[in-house]
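Naming: A, B, ... by sequence-line order, numbering from 1 per chain.
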Amino acid sequence: MPEILEAEIYRIAVDETVGRRIESFQIGDAAYVRDPGPDALVEQFVGSAVRATARHGKLVIVETTAGDIGLRFGMTGKVRVDGLAPIDALEYAPSTWNDDWNRFAVDFDTGSLVINDVRRLGSVEAEPDRDSLGPDAWGIGPTELAALCGRGRGAIKSLLLNQKKIAGLGNLLVDELLWRTSVAPHRPAGELTAHETRRIGEQIVPLLDELFAAGGSHCGAHVPERHVDGRCPVDNQALVHATVGGRSTWWCREHQS
DNA sequence: CCGGATGTTCACCT
DNA sequence: GAGGTGAACATCCG
């Protein structure tokens, strides 16, 4: 479940490689290098140097002297830089690191970067298009959110998860956000009151700041209750479970409406 | 042993 | 175009 917070933790780890030169790639899974393919990637980037790192939503970008390399981690992607993993345990992924799942690696003049991904839902892409993503969630406020909601008839949860609208929020963060702001996930985005929209918009950045400091997307208050017989930490009512926006969703019928 | 659950992205349908 | 559905992925659990 790397969501925006885990992507940022990964980016900080990858930032250690700034200034290094790319000597070779170890491509354990050719399909993982989605866009140009392995050969073109080698052609473009071997010999280049890392200039900086960036992040847009869940996309981590390695900016080199030969262009950008985009890293996406799907839900079970982990990273190691120089053999060290910034996050050992990932929700919904095995806690062990099995080298069979090393999909992609970069060998630098000193050190290495390895992506390990059991389910292969992540990918590597040259020159990823940041413009196809919405604005980064870590800068969204009430004004931006209100504009996005518009008269949309889709569920507010779907909108918040839509990376083309807002980049970075994943299933756990969205459930936590709606739980905190007392809005039921299936409510049509365009039918929220101005007050509700503002409440959600105002809470996105504080939520991200808080959970980043706490350690990640799984550190929300209601996340541990996402199971049968789970109870709302606020009023102790049984949480409701259903599919909303195609995703497993847990909410409190008592205080989210 | 099999079906379901798990989160993200993308292709495809209405 | 907006919105919804399901496939792909691999593993674990009941």
Asks: Rounded to whole Å, please give me the gap between CG in A:D117 and P in C:dT11.
Replies: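 In whole Å, C:dT11 P and A:D117 CG are 11 Å from each other.
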Asks: Are the charged groups of A:R55 and A:D136 less than 4.0 angstrom apart, N to O?
Replies: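 Between A:D136 and A:R55 there is a salt bridge, with a charged N closer than 4.0 Å to a carboxylate O.
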Asks: Could you state the atom-to-atom distance from CD1 of A:I4 to C1' of B:dT8 in whole Å?
Replies: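 To the nearest whole Å, that distance equals 15 Å.
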Asks: Once you apply a heavy-atom cut-off of 4.0 Å, does A:R72 come out as touching a base, just sugar-phosphate, or nothing?
Replies: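 Nothing, no heavy atom under 4.0 Å.
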Asks: Once you round it to whole Å, what is the distance between P of B:dT8 and CG of A:N162?
Replies: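 The distance from CG of A:N162 to P of B:dT8 comes to 13 Å, rounded to the nearest Å.
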Asks: Is any side-chain heavy atom of A:K157 closer than 4.5 Å to one of A:D175?
Replies: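 In contact.
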Asks: Roughly, in whole Å, what's the span from CD1 in A:I156 to C1' in C:dG3?
Replies: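 My rounded result for the distance is 15 Å.
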Asks: Is the number of heavy atoms from other residues, nucleotides or ligands under 6.0 Å of A:E43 CD greater than 12?
Replies: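 Check fails, neighbour count at 12 or below.
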Asks: In terms of ring plane angle, is the pair A:W250 and A:H241 parallel, tilted or perpendicular, where the classes change at 30° and 60°?
Replies: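 Ring orientation, 0 to 90° scale: parallel.
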Asks: Would you mind reading off the distance between A:L71 atom CG and B:dT8 atom C1', rounded to a whole angstrom?
Replies: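 Roughly 16 Å, once rounded to whole Å.
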Asks: Between the protein and nucleotides 1-5 of chain B, list every N/O to N/O distance that falls short of 3.5 Å.
Replies:
none

Asks: Indicate whether any N or O donor in one side chain lies under 3.5 Å from an N or O acceptor in the other, for A:R11 and A:T53.
Replies: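 Short answer, yes.
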Asks: Round to the nearest Å and state the distance from A:Y32 atom OH to B:dT9 atom C1'.
Replies: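 After rounding, the reported distance stands at 12 Å.
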Asks: Taking atom types as they are modelled, is there a donor-acceptor pair under 3.5 Å from the base of C:dC9 to the side chain of A:R119?
Replies: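 Yes, a donor-acceptor pair under 3.5 Å.
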Asks: Give, ordered by number, those residues of residues 163-171 of chain A having at least one heavy-atom distance below 4.0 Å to an atom of DNA chain B; if nothing qualifies, reply none.
Replies: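 Heavy-atom contacts with DNA chain B come from A:Q163, A:G170, A:N171.
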Asks: B:dT9 P sits how many Å from A:L161 CG, rounded?
Replies: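 Interatomic distance, CG of A:L161 to P of B:dT9: 10 Å.
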Asks: Examine C:dA10: is either OP1 or OP2 under 4.0 Å from a nitrogen or oxygen in the side chain of A:R120? Give yes or no.
Replies: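 Answer yes for this pair, as a side-chain N or O of A:R120 is under 4.0 Å from OP1 or OP2.
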Asks: Side-chain N or O of A:R247 versus OP1/OP2 of B:dT8: is the shortest distance under 4.0 Å?
Replies: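 It does, given that an N or O in the side chain of A:R247 lies less than 4.0 Å from OP1 or OP2 of B:dT8.
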Asks: For the side chain of A:T197 and the backbone of A:T193, is there at least one donor-acceptor N/O pair under 3.5 Å apart?
Replies: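 Yes; at least one donor-acceptor contact below 3.5 Å.
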Asks: May I ask you to say what A:G152 touches in the nucleic acid, namely base, sugar-phosphate or nothing, with a heavy-atom cut-off under 4.0 Å?
Replies: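 Result for A:G152 = sugar-phosphate.
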Asks: Going by atom types only, do A:N102 and A:W97 share a side-chain donor-acceptor pair under 3.5 Å?
Replies: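 A donor-acceptor contact under 3.5 Å links the two side chains.
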Asks: Without decimals, in angstroms, what is the distance between A:E6 CD and B:dT8 C1'?
Replies: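 Between C1' of B:dT8 and CD of A:E6: 13 Å.
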Asks: State whether the side chain of A:E176 and the backbone N or O of A:H222 hold a donor-acceptor pair below 3.5 Å, judged by distance alone.
Replies: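 Flag set: sc A:E176 to bb A:H222 pair under 3.5 Å.
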Asks: Quick one: is A:W101 getting a side-chain N or O under 4.0 Å of the C:dT11 phosphate, OP1 or OP2?
Replies: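 Result: yes.
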Asks: Any side-chain heavy atom of A:V106 sitting closer than 4.5 Å to one from A:F25?
Replies: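 Side chain of A:V106 against side chain of A:F25, heavy atoms only: contact under 4.5 Å found.
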